[in-house]
Amino acid sequence: MSLPKLARLPSARLLTSVLPHHQLLLPPLSPLTIPCRTKIQQDYRRPGQPIQKEPPLNFNFSKGIKNIKKHFMLMKDEFFGRFVGPQGKPLIEHILEQNLVIWEFRGPESLKQWTVSSDQEIGGQSEAHLKMGRNVNTCFLHGKLCTTTPRDGETRYSGYCNMRSKIPKASFDRKKHYDWTSFNTLHLRVRGDGRPWMINIATETYFSHQKDDIYTYFLYTRGGPYWQEVKIPFSKFFLSHRGRIQDDQHPIWLDKVNTIGFTLGDKAEGHFQLEVDFVAVCKDYAHTEEFAYEMYERNPKN
Amino acid sequence: MKCARCLLQLQGLRLQGLQLQGLQLQGLQGQSARSAAQHGALLQSSSQPHMLRNTQHQVIRRFHRSPINDKNQPIPAEFIDEDDNKKDKSLVIHDDLFEQVARETKTKATFNKVVEVFIKQDVRRRGHVEFIYAALQKMPEFGVERDLAVYNKLLDVFPKEVFVPRNYIQTMFNHYPRQQECGVYLLEQMEGYGIMPNVDTKVLLIQVFGVKGHAVRKYQRIMYWFPKFKHTNPYPIPKNLPEDPVDLARFSLARIADDRDAKVTVYQLACTDITESGEEITLPHVVGIQSPSQMELLAQHNPSRPVFVEGPFPLWLRDKCVYYYVLRADPVPPEEKVEEPYDPERSLAYPLQLDLDLDRDLGDEESFDVEDLDEGAVFAMCMTSQGDQAVLNQWVSGLQQNNPILGRVPTLFRLEQGPRELQGAHKTKSDHQHRQDPQTQREEEEEEEASVEEELRRSQGMKQ
C-alpha cells in the first residue's frame, strides 16, 4: 500500500539534491507535503474537539510582494549555494566540520525562531515568557509553573512550560530539515535555577500518527550564577509519544531533525527561569555508544 | 524466579487454610472462603450479629461465579440488611468512610484501618474500584502518598483471580477494563511520586490481573525505566533536605559554587534578642561562600569601579525554593583588560599552559564559533533569611576581613523585591517586561546613596 505513495512523494530535499534543474517544478509539488507541517504547527487541539476551519485569507498586496521577494531570495540562495557546496558551504568545510552552532541568541531577531507555550492551551494556569537576557546575548525563558489542573473533569495532570524552535523552511514554504548525521552530541550552554528540564528533539515522520513522536532526554541545571556547559550524546535520547515512554525504542534518526524544545514539568509550583546561550551539535570522538537502551525484544510473544 | 516461588508459597498457604477449615472447596474458591471465615471470626469478637449472619451465609456459598450471574440471582430477603442497603446506594460512601476517620486523626494507622474495614465489610468486595480511587485521592491528606506498603495494601483490596483471563481471546481483548484501568491508575500514582514497586506488588498484580494484564505490563515498564534514570542527575539532591536553614544554606551554596575549594562561612546565626527597652530583635542568619579563585579575582579588581550586591536569585532544590545574593562586578571594558601571562613556576608538577603543536588532523577544531559571554566576575555568594541592605551590609563587612580591597571599593545594592513578594505576587506579563527598566533607574538612585551606605558599612566594619 505505502510503496507507491512513497515513490510518488519523494521528499523535497532528496529531489532537490538529485535534480537541481527541477527546482522550478517544485512549487506545484509542495502542497502534497505541506499538510503535515501545518498540522504540527497549529495550536494544540484537545482530542475529540472539532477541527476549526481556517479563516478566509485576507489579501494584502504589499505583504504579498514582500513574501514573493523573500521567497525568490531564498530560492536564489538555494540555487547558487549549490555551486559553492552542499548546504551552501564549501565541500571541505562540510566534510571536516566537527561542531556546528545551530541556535545562538544575538539580538531580539533570534527570538523569532522560537515559540513558547504553556499549559494554558489545555486550560492550566502556568505562564511562560521569552525575552533577551540582560546583555542581549542570551535568551531568558521565565515564568511561573502552576500544577492546578483545569476543571474539566478529565485532565489529570497539568503544569508544563515549553520552548520550541520553529521548523526551518526553504523557499516557497517547502520543508527543510537539519541534518546532524555527522555529529553525535548535543552541546548546550545554559544557566538554570536548579530545576530539571527536558530536551525534546522532533524529527520528520512519515505517518500522521507519528507526528507527536519526540526524542527526549533530561537537562539538569545546577543553579547559581555560573554558566553550565552540557553535553548530551544523541544515543541517550529515548522515544516518547505524548509524554509516555514507548516500549519499542530505537536510536534517533538525525538526518531529518525538525525542532528542538525545552520543557519544564517538575511539579514544583513557582517561578522558574532558564537562560540559554547557544545550542550546538558536536562530534565527540570519545563517545562510541550507539544507543543507551536495550534493543532486544523485551516482550516475547509466546 | 523469586516471584514464582512466592506464588507457590501463597498457593501452599491457601491449601493449608483449606485443610484447616476442613471444607471441600475448589482451589479457586479457597481464598474467598478462607478470608470470609477469618472475617467471620474477627467480627464475632467485635460482636456484630447482623454482619456475622451475612458472612456465615457467604461461607456456605461455594462456587466462584462471575458478577453477571449474581445480578440475575434473586437475593434472599433475609440477606438484605436495611442499613447496608441504603449505604451501598450512595455514591460517595467511600469518601464518607475516609471523612469519618479523618475527623479524628489523619495518619497511616487510620488509613490502614479504613482499608481493613472495607476489606472486612464484604467478601465480594463490592465497589472496590470506587474505593481504590477514593483511597488514592485521599492518600496525600493522610501523608501516605510515598509509602509502598500502603500501595500494596490497596492492591490487596482487589479480589484475587477473578479478573485473570482464562483463555487467549480474553487475554487479547481488554478483560475487565474498569478494574485494569484502576490498577494502572494506582501504579501511575506510584510512578508520579517516584516510588519503585517491589516483588510483593508484582505478586499481587499477577494474582489479580494475570501475567499479561495491563497493570503487570505497567509494572514491567516502571521496573525497566526507573533504575535507568535513577542516577542521571549529576547534581543530586538528598531525599530529605536539611531542616535547619543554616545547613540548607550550606548545602545550596556548595551546590551553586561548583568549586571544591570554596569555603562556607557562617557570618551570623539566627537568634532573638531583647533590647533594654523591651523590644524583640530577630537577627537573621547570614551564610556566605567564597572560593580562593574568587578572592584572587576580587584582589585584582579595579578599586575605582564599583562592585554590586545583587539578588535575590532563586534556586530550586526539588520543590523547595531558596534565594541567594551575589557580589559581582560589571564586565571589564576591553581597553582595561590585561592579559596576564601564566607564571610557569606557579605549579611545576602540572603546567598550566601547554603550547604543544600536536599533529592534529585537518579541520580538528573543537571550539565553538560563538562569542564568549562576558558578564563580569562573581566574587562571593550568600544566603540569608532576610534580604535587606542592613543584613547584606553585614555580609560585605564580614567579607572585608579576608578581602581588604572591599574597604576601598564602592559597593552598590541592586536588590529586587524580597523573596516573600516574589513567591506570593502574581506577576502579569507587563510587569515582567518593565522589571528591567526600574532596575536601571534604581541603580542611578543607589549611586547617590552608595556613599552614605559605604560609610555606614565602614563604621560597622570598624566596630567588629
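No hydrogens, no waters, no symmetry mates; every other heavy atom, side chains included, goes into these values. These figures come from a predicted structure and were not determined experimentally. The chains referred to below are lettered A, B, ... by the order of the sequence lines, with proteins before strands, and numbering in each begins at 1.
- By the neighbour-count criterion of 12 heavy atoms within 6.0 Å, atom CD of A/Glu290 is sparsely surrounded, having that number or fewer from other residues, nucleotides or ligands.
- A/Gln246 approaches B/Trp225 most closely through the heavy-atom pair O-CZ2, 4.0 Å.
- Side-chain atoms of B/Arg318 and A/Lys267, non-hydrogen and from C-beta on, never get closer than 4.5 Å to each other.
- With rounding to the nearest 0.5 angstrom, the CZ atom of A/Arg156 is 5.0 Å from the OH atom of B/Tyr185.
- Contact count against chain A (heavy-atom pairs under 4.5 Å) is highest for B/Glu375 among B/Arg328, B/Met381, B/Lys228, B/Glu375.
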Kindly indicate, with the supporting measurements, whether the criterion side chain to side chain contact (heavy atoms under 4.5 Å, CB included) is fulfilled by B/Tyr224 and A/Ile245. CA-CA 11 Å; B/Tyr224 179 75; A/Ile245 302 184; over 6 Å; no
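- B/Val326 touches chain A through its side chain: at least one heavy atom from C-beta onward sits under 4.5 Å away, while N, CA, C and O do not.
- Listed here is the closest heavy atom pair of A/Pro225 and B/Tyr324: N-OH, 3.6 Å.
- The minimum heavy-atom distance linking B/Leu315 with A/Gly194 is given by the pair CD1-CA, 4.3 Å.
- Both the backbone and the side chain of A/Tyr293 come within less than 4.5 Å of a heavy atom in chain B.
- Using a 4.5 Å heavy-atom threshold, the side chains of A/Tyr220 and B/Thr232 count as touching.
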I would like to know whether A/Tyr226 and B/Val378 meet side chain to side chain contact (heavy atoms under 4.5 Å, CB included); could you show each step before the answer? CA-CA 8 Å; A/Tyr226 291 111; B/Val378 175; 3.9 Å; yes
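- For A/Glu109, the CD atom counts as loosely surrounded, since its 6.0 Å shell holds 12 or fewer non-hydrogen atoms of other residues, nucleotides or ligands.
- A heavy-atom distance below 4.5 Å is not found between the side chains of A/His271 and B/Pro314.
- One finds the CZ atom of B/Arg221 at 10.0 Å from the CZ atom of A/Arg244 (value rounded to the nearest 0.5 Å).
- Closest non-hydrogen pair, B/Trp316 versus A/Ala268, comes out as CZ3-CB, 3.9 Å.
- For residues 229-239 of chain A, a heavy-atom distance under 4.5 Å to chain B picks out A/Phe238, given by residue number.
- Within the 4.5 Å cutoff, the side chain of A/Tyr157 has heavy atoms near those of the B/Glu188 side chain.
- Residue A/Thr221 touches chain B through its backbone alone, counting heavy-atom pairs closer than 4.5 Å.
- Contact of A/Glu269 with chain B is made through the backbone alone, with heavy-atom distances under 4.5 Å.
- No more than 12 heavy-atom neighbours from other residues, nucleotides or ligands sit within 6.0 angstrom of NZ on B/Lys320.
- By number of non-hydrogen pairs under 4.5 angstrom with chain B, the leading residue of A/Glu93, A/Arg189, A/Lys283, A/Arg106 is A/Arg106.
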Run the salt bridge (Lys or Arg N to Asp or Glu O under 4.0 Å) check on A/Arg222 and B/Asp258 step by step: do they pass? CA-CA 9 Å; A/Arg222 189 181 51 225; B/Asp258 190 30; 3.0 Å; yes
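- Of the listed residues B/Asn233, B/Ile256, B/Asp319, B/Ile237, the one with more heavy-atom pairs under 4.5 angstrom with chain A than any other is B/Asn233.
- Counting only N and O atoms by type, the side chains of A/Gln228 and B/Tyr235 include a donor and acceptor under 3.5 Å apart.
- Contact annotation for B/Leu317: neither backbone nor side-chain heavy atoms come within less than 4.5 Å of a heavy atom of chain A.
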